[in-house]
Amino acid sequence: MSSFTPPPYPPRPPGASHKWQTFAALISAGVGALTFAVGFIGLPAAGVTSPAAVRETATVTATATVTAAAGPAVQTEEPDGAGGGDAAPQHTESPEVQWAGPLLSEQAGFDLDLVPPALGGDDVFPYGFDGAKATLVNNHYALVPEGEEPDFSECKLLATTKPQSDLSVAEGRSVCLITSDGRVALVTVDSTNPGTGIVNLTVKVWEKPTT
């Protein structure tokens with residue numbers, strides 16, 4: 001038995017191997033270019049900054065200057081006596097009380113400038129009665145409004161602006177007066193007794209002001 005021997009393949013035409021190599025090289029170059037392009041585009045996603053993606057960022061620092069609007073000028077008050085104007089009137093402070101207490105009169109006058117007051121003056125002089133009222137004579141008296149008790153300034157104002165002579169004063173009412181030596185006094189008629197001729201008084205005498 002004879003063995004079969006396959007016939008040899010036909011020989012490749014000249015130049016065929018060189019064409020295949022050239023074709024393979026072109027395919028390889030295309031794939032490489034495509035791979036480079038894909039990798040280049042995907043660089044930012046991989047954390048690499050692409051040159052095309054770099055943009056300069058300019059940081060501008062703005063400085064704002066706030067200018068306050070000028071308001072109206074504030075005029076400060078000058079103390080009294082400054083600037084040539086008239087000074088405000090100065091109020092006299094109340095002096096100390098020189099003496100205060102009760103007096104009992106039997107139709108006789110008192111000198112209220114003494115401490116304590118003594119009989120023998122005409123500063124307050126209860127002399128006689130007008131019914132239940134005590135009649136005060138020998139001086140000028142200003143009747144105090146009922147229910148009020150004036151201080152030094154108020155009593156002085158009453159005594160110098162509303163004085164009356166020979167004034168009849170009911171129980172519980174008061175009068176203001178100026179003593180012989182210029183002191184201000186407040187006298188209250190506490191009670192009257194026409195049968196005995198006794199008048200009970202409460203007196204307050206202020207010292208003379210130093211000014």
Side-chain angles (χ1 to χ4, degrees), residues 72-211:
V74 179
Q75 183 176 0
T76 57
E77 295 183 358
E78 296 182 353
D80 294 340
D86 294 335
Q90 300 296 324
H91 297 284
T92 303
E93 293 184 0
S94 177
E96 298 292 332
V97 174
Q98 175 176 282
W99 187 87
L103 293 177
L104 186 148
S105 171
E106 294 185 61
Q107 300 184 14
F110 287 90
D111 184 349
L112 299 183
D113 290 315
L114 301 178
V115 180
L119 290 171
D122 293 332
D123 291 331
V124 56
F125 200 125
Y127 185 81
F129 298 88
D130 180 10
K133 296 180 179 181
T135 301
L136 306 181
V137 299
N138 295 344
N139 202 343
H140 291 83
Y141 309 92
L143 188 65
V144 175
E146 188 172 4
E148 295 186 10
E149 184 176 353
D151 59 14
F152 169 80
S153 298
E154 294 168 340
C155 203
K156 180 180 180 180
L157 181 63
L158 283 172
T160 54
T161 59
K162 298 182 179 180
Q164 302 179 58
S165 59
D166 300 338
L167 183 65
S168 295
V169 184
E171 293 181 356
R173 299 298 298 273
S174 302
V175 295
C176 289
L177 57 94
I178 305 296
T179 68
S180 301
D181 200 21
R183 292 177 173 84
V184 177
L186 174 66
V187 179
T188 301
V189 176
D190 294 325
S191 64
T192 62
N193 190 335
T196 60
I198 296 176
V199 178
N200 290 295
L201 307 172
T202 297
V203 176
K204 180 189 291 185
V205 184
W206 284 277
E207 294 181 353
K208 294 179 66 174
T210 56
T211 56

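Just so we're clear, the structure is a prediction, and the values are computed from it rather than from any experiment. We use all heavy atoms of the structure for the numbers below, so side chains are in, but hydrogens, waters and symmetry mates are not.
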How long is the straight-line distance from CG of Asp130 back to CG of Asp166, given to the nearest 0.5 Å? 11.5 Å

Looking only at heavy atoms, which two atoms of Gln98 and Leu114 are closest? And how far apart? NE2-O, 4.3 Å

Kindly check if the number of other-residue, nucleotide or ligand heavy atoms within 6.0 Å of CZ (Phe125) is above 12? yes

Asp122 side, atom CG; Ser180 side, atom OG - distance, nearest 0.5 Å: 7.0 Å

Could you give me the CA-CA distance, side-chain angles and deciding distance for Val97 and Val205, then say whether side-chain contact (heavy atoms from CB on, under 4.5 Å) is met? CA-CA 6 Å; Val97 174; Val205 184; 6.0 Å; no

Just so I know, are the side chains of Leu103 and Leu112 near enough to count as touching, which here means a heavy-atom distance under 4.5 Å? yes

Checking Thr192 side chain against Ala132 main chain: does a donor-acceptor pair fall under 3.5 Å? yes

For Pro150 against Trp206, the heavy-atom pair lying closest together: O-CH2, 4.1 Å

Is any side-chain heavy atom of Leu186 closer than 4.5 Å to a side-chain heavy atom of Glu149? yes

Given 3.5 Å as the limit, does a donor-acceptor pair link the side chain of Glu96 with the main chain of Glu207, or not? no

Non-hydrogen side-chain atoms of Ile198 and Glu106 separated by less than 4.5 Å: yes

Gap separating the CZ atom of Arg183 from the NZ atom of Lys156, nearest 0.5 angstrom: 13.5 Å

Approximate separation, where rounding is to 0.5 Å, of Cys176 SG and Lys162 NZ: 11.5 Å

Any donor-acceptor pair under 3.5 Å linking the side-chain atoms of Thr179 with those of Asp123? no

Hey, what do you get for SG (Cys155) to CG (Leu177), rounding to the nearest 0.5 Å? 7.0 Å

For residues Thr135 and Ser168, report the shortest heavy-atom separation together with the two atoms involved. OG1-OG, 3.4 Å

Shortest non-hydrogen contact between His140 and Pro163, atoms and distance: CB-CB, 3.6 Å

Does any part of the side chain of Leu201, heavy atoms only, come nearer than 4.5 Å to the side chain of Val189, both counted from C-beta? yes

Can you give me the closest heavy-atom contact between Val199 and Phe129, atom names plus distance? CG2-CE2, 3.6 Å

Heavy atoms from other residues, nucleotides or ligands near CD of Glu171 exceed 12 (cutoff 6.0 Å): yes

Give, for atom CG of Asn200 and atom OG1 of Thr188, the distance between the pair rounded to the nearest 0.5 Å. 12.0 Å

Taking every non-hydrogen atom, the tightest pair across Trp99 and Pro116: NE1-CB, 3.5 Å

